[in-house]
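Have a look at the structure below, then the notes.
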Number of protein chains: 2
Amino acid sequence: MNNNIGLLPNYVDGLKFHCGMDVAMHHLGGKWKTVVLWYLIENKKRFNEIKKNIPNITEKMLTIQLKSLEKDGIIKKEVFNIKPPLKVEYSLTDFGKTLIPLLESLVDWGHFVVKEKSYVMHTKK
Amino acid sequence: MNNNIGLLPNYVDGLKFHCGMDVAMHHLGGKWKTVVLWYLIENKKRFNEIKKNIPNITEKMLTIQLKSLEKDGIIKKEVFNIKPPLKVEYSLTDFGKTLIPLLESLVDWGHFVVKEKSYVMHTKK
DNA sequence: CAGCATCCTTTATGATACTG
DNA sequence: CAGTATCATAAAGGATGCTG
């Protein structure tokens, strides 16, 4: 099983990666990115719509994630007014849409774990 | 699309999760876990075998990841000698094996990104 | 509405030396 | 061989107030 990307480290956007997992986790890692993306699968959403969907996320964290995802080309941002109140919409790019099956697998596995762990907890205590 | 787990936050091992993604990323998040797991898919491995497979990981980081994965029931540890030199083997549990398709999807997507990004970089500069 | 700026705390990660 | 222990930095995350 050769997981290495070629013989030497691979560079993407000035960052060094040693395997495909490195690359994937660079784009998806952290507490919020996958959750934000999950809510953008359905349809484009405004800043506060995403925020309402995600309990506990702060504006700062949401801003950081959206910028990072935009920089990576996973989502795109559209601004509709110049003057406040602003209207901004975020949506997946075509590149971002290639993540949908992966995101679905992640959520499915998460739900599986909830059931699995609850089962263990109930039978052992 | 209802991603929330029931109406209230769900608790697993004393931690609070609001959606399946939360749960999944709790188990897989961070820089090393998915990489470590990737090398354990093939077969059980000893501490230093894993370390040799992963450039740059320190003993400390590997120790932390292995302990965390073991605590989560994703891998199991077998010790074969009491006296040094020790022989310890790590392998996926049955629960851990449920992650294999997900891990494969992650690596595949990572490799896809490498190609995609290189393409973009070459055509734009 | 959709953020930015600032200060702060907590985690994650890293380098190095040492041990049963 | 398979780790620990210690010291250090970096990155992530959070709270609050302010702004175009």
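In what follows, every chain begins at residue 1, and chains take the letters A, B, ... in the order their sequences are listed.
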Exercise for review: Could you say whether A:Pro85 or A:Lys67 is positioned toward the 5' end of DNA chain C, judged by the nucleotide with the nearest heavy atom to each?
Suggested key: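 Of the two residues, A:Pro85 wins.
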Base, sugar-phosphate or nothing for [X]? Non-hydrogen atoms, less than 4.0 Å.
X       : value
B:Lys33 : nothing
B:Lys31 : sugar-phosphate
A:Tyr90 : sugar-phosphate

Point to revise | Between CE on residue A:Met25 and NZ on residue B:Lys31, distance to nearest 0.5 Å | key: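 Rounded to the nearest 0.5 Å, the CE-NZ separation comes out at 12.0 Å.
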Check your understanding: To the nearest 0.5 Å, what is the distance between CD1 (B:Ile57) and CD1 (B:Ile50)?
Key ->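 It comes to 8.5 Å.
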**Study point:** Whichever of A:Pro84 and A:Glu59 has its nearest DNA chain D nucleotide further upstream toward 5'
**Key:**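 Per heavy-atom nearest nucleotide, the more 5' residue is A:Glu59.
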**Study point:** 5' priority, DNA chain D, between A:Gly30 and B:Asn48 [closest heavy atom]
**Key:**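 Per heavy-atom nearest nucleotide, the more 5' residue is B:Asn48.
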Rounded distance in Å - [atom1] ([X]) to [atom2] ([N]):
X       : N      : atom1 : atom2 : result
A:Leu62 : D:dG13 : CG    : P     : 13 Å
B:Lys51 : C:dT13 : NZ    : C1'   : 14 Å
B:Met61 : D:dA11 : CE    : P     : 14 Å
A:Arg46 : C:dG3  : CZ    : P     : 10 Å
A:Lys77 : C:dC4  : NZ    : C1'   : 11 Å

Review point. What nucleotide among D:dG3, D:dC1, C:dC1 has an atom nearest to a side-chain atom of A:Leu86?
Key: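 Looking only at heavy atoms from C-beta outward on A:Leu86, the closest nucleotide is C:dC1.
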Check your understanding: Angle class for the B:Phe47/B:Tyr90 ring planes (parallel below 30°, perpendicular above 60°, tilted otherwise)?
Key ->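 If you compare the ring of B:Phe47 with that of B:Tyr90, the planes turn out tilted.
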Point to revise | Salt-bridge criterion met for B:Lys44 and B:Glu89 (N-O under 4.0 Å) | key: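 A salt bridge is present here (some side-chain N lies under 4.0 Å from a carboxylate O).
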